[in-house]
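The structure under discussion appears below in the form of structure tokens.
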Amino acid sequence: MNEIVIAKYGEIALKGHNKRSFEEILIRNIKKTLSDLGEFKISRMQSTVYVERIDGVSDSVNLESMVSQLRKVFGLGAVQKCGVLNKDSFETVAEQSVAYLKKTKVLDFAKTFKVESRRSDKSFPLNTPAIQRELGGVVLDAFPHLSVDVHNPEVTLTLEVRDKAAYLNAQRLTGAGGLPVGCSGNALLMLSGGIDSPVAAYMIAKRGVKIDAIHFQSPPYTSERALMKVTSLCERLKPYLINLRLHCVDFAELQEAIRDNCREEYATVILRRMMIKAANLLCEQKQKSGNNVYKALITGECLGQVASQTLSAIGCTDHVADLPVLRPLIGMDKIEIVALARKIDTFDISTLPYEDCCTVFTPKHPKTNPKLADIFALEAQFDYDSLVQKAVNQITVVDF
Ligand code: ATP
Ligand code: MG
């Protein structure tokens, strides 16, 4: 019996006249995310996506890995493996259902179950309540250790009788939710090697934003391994973000200039302003090149977490931003952020001990309440802008 994966739309199932464009983006993203595993036959019908392995091409790919990739695609509400059943008669459906459940062993350790059914093929001889009742009886006979619990079953078997076939599944897993990446415009993520910024990327991508990243490094003060940490984070984020491009900017000369010319307590806030200015320049370049312009910056800042993340410091950095700065973590606790980092599997990489450029020449007592007037005076004493421009001119790019 053939087994496939089906995925259900999340929020976009509720969209009106523009649903089609969301669907097209979703299907494109599914293809892209699955392309790491192989080539599949992908079709859609009634807010459901059918993913089938192709004989001789991808028939050796296991369904678990397909499910796990699909669970990272924003826009999907649920993902499940299904047995594809011939629906000539209820008896054939029942017989194949038992065979499928025995083969997959999904009921072996359960004590209770129920059957749910949906029937879009109205020519099928049994209606929905009858299917549930009759199939429930067949399963009880075949698996006498089970009993029915309609309120709180351990396993819910779902039989969908559709035009081409009937589909039976025993394990409906939640999808990533949100909106398909690419339907809400583009933004530029400021990606460090820390815990927070990958989580920020995940949260904004979830609302359909296509993200590229910019990372600042300061070799030789930051090591090759620190950069590898960031590229490993991009690998982990890739299935969620789709077609991620990483821009690497060398800020060593600029950081030396700040160290040598600026009052120490202001070094952090000025460095952060220069990062934003570099991001502005990159956004400007993208604008000149034409399509897919960035409409916002994203950071992993969280209010009060460190000295550079006080309201005053955030105000001083935002002052130089040409675009809105999205800070999805602003009101979250570290525990909540860590839970998300674990969920998206970035935590173990983020906690590797390689230093970020923000921790190079860190002042002992960074200013928690910086004043714009002081910043203007300090920035007037050295031409930092030309070093920012120089760094941006030498950007290197990696595509994931
Ligand atoms: P994270 O865990 O994301 O590193 P953090 O708690 O260490 O955050 P900061 O170092 O103050 O906080 O950085 C705040 C935000 O600034 C980061 O979330 C990120 O968006 C951006 N940022 C910091 N360092 C870099 C860097 N080297 N390259 C690009 N962006 C950075
Ligand atoms: Mg950091």
Side-chain angles (χ1 to χ4, degrees), residues 187-204 211-219 221-223 225-231 233-234 236-237 244-252 254-255 258 267-283 296-314 316-318 320-321 323 325-330 332-338 340-342 344 346-363 366-368 370 388 391-392 395-396 398:
L188 183 64
L189 166 75
M190 304 188 48
L191 178 66
S192 70
I195 297 170
D196 304 327
S197 40
V199 174
Y202 165 84
M203 289 178 72
I204 297 297
I211 292 176
D212 284 337
I214 183 168
H215 172 69
F216 300 92
Q217 50 176 337
S218 283
Y221 307 107
T222 58
S223 64
R225 285 192 295 186
L227 182 61
M228 276 166 57
K229 184 176 168 183
V230 173
T231 54
L233 284 172
C234 290
R236 293 278 164 98
L237 287 170
L244 167 66
R245 168 168 282 196
L246 172 69
H247 305 83
C248 298
V249 186
D250 184 341
F251 251 25
L254 179 84
Q255 287 201 258
I258 294 175
T268 305
V269 67
I270 289 183
L271 172 62
R272 301 200 54 76
R273 282 164 61 88
M274 298 306 144
M275 286 182 173
I276 300 272
K277 284 188 178 186
N280 287 343
L281 290 174
L282 182 60
C283 294
L297 302 180
I298 304 165
T299 78
E301 286 163 305
C302 169
L303 193 58
Q305 201 186 76
V306 289
S308 60
Q309 299 177 21
T310 61
L311 281 181
S312 304
I314 287 174
C316 291
T317 43
D318 263 12
V320 287
L323 293 170
V325 181
L326 307 181
R327 298 183 168 89
L329 313 187
I330 197 73
M332 288 170 75
D333 290 342
K334 199 74 194 184
I335 292 175
E336 295 167 316
I337 299 170
V338 165
L340 269 177
R342 286 190 196 280
I344 63 172
T346 51
F347 183 78
D348 57 337
I349 298 174
S350 292
T351 46
L352 292 172
Y354 314 127
E355 70 297 339
D356 181 55
C357 76
C358 281
T359 54
V360 172
F361 318 135
T362 324
K367 192 95 179 150
T368 52
V388 172
V392 172
I395 271 180
T396 54
V398 191

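If you read the sequence from its start, that first residue is 1, and numbering goes on from there. FYI, side chains are in, hydrogens and waters are out, and symmetry mates aren't considered; it's all heavy atoms of this structure. Just follow the structure's listing: the first ligand is 1, and inside any ligand the first atom is 1.
- Taking any N or O of M190, backbone or side chain, at least one lies under 3.5 Å from an N or O belonging to ligand 1.
- Using a 4.5 Å heavy-atom cutoff, the side chains of Y202 and L340 are in contact.
- Polar contact check, I214 against ligand 1: no nitrogen or oxygen pair lies under 3.5 Å apart.
- Side chains of L303 and I314 form a contact here, defined as non-hydrogen atoms less than 4.5 Å apart.
- Atoms of ligand 1 found under 4.0 Å from any heavy atom of G300, numbered from 1 in the order shown, are 17 (C), 18 (O), 20 (O).
- In summary, the atoms of ligand 1 found under 4.0 Å from a heavy atom of I195, numbered by their order in the structure, are 2 (O).
- If you number the atoms of ligand 1 from 1 as listed, the ones under 4.0 Å from a heavy atom of G194 come out as 1 (P), 2 (O), 4 (O).
- Two residues are said to be in side-chain contact when any heavy atoms from C-beta on lie closer than 4.5 Å; D348 and R236 meet this criterion.
- Considering only non-hydrogen atoms, atom 9 (P) of ligand 1 lies nearest to Q309 out of Q309, R327, K334, E355.
- Annotation: I298 places no N or O atom under 3.5 Å from an N or O atom of ligand 1; distance criterion only.
- Listed by number with element, the atoms of ligand 1 under 4.0 angstrom from any heavy atom of T299 are 20 (O).
- Just one of V249, V230, T222 meets the side chain to side chain contact (heavy atoms under 4.5 Å, CB included) condition when paired with F216; it is V249.
- Summarising the geometry, atom CD1 belonging to I214 is positioned 10.5 Å from atom CG belonging to L191; distances are rounded to the nearest 0.5 Å.
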V269 vs S312, side chain to side chain contact (heavy atoms under 4.5 Å, CB included): CA-CA, chis, key distance, verdict: CA-CA 10 Å; V269 67; S312 304; over 6 Å; no
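- In the candidate list H247, R272, E301, R272 is nearest to atom 16 (O) of ligand 1, counting heavy atoms.
- Distance CZ/R327 to CE/M332: 15.5 Å, rounded to 0.5 Å.
- Around atom 4 (O) of ligand 1, the closest heavy atom drawn from C248, P366, A226, S192 belongs to S192.
- Those atoms of ligand 1 that come under 4.0 Å of a heavy atom in L191, given as number and element, are 26 (C), 28 (N), 29 (C), 30 (N).
- Here atom 8 (O) of ligand 1 lies nearest to D196 when heavy atoms of L189, L297, D196 are compared.
- Under 3.5 Å, the side chains of S192 and S197 contain a donor-acceptor pair of N or O atoms.
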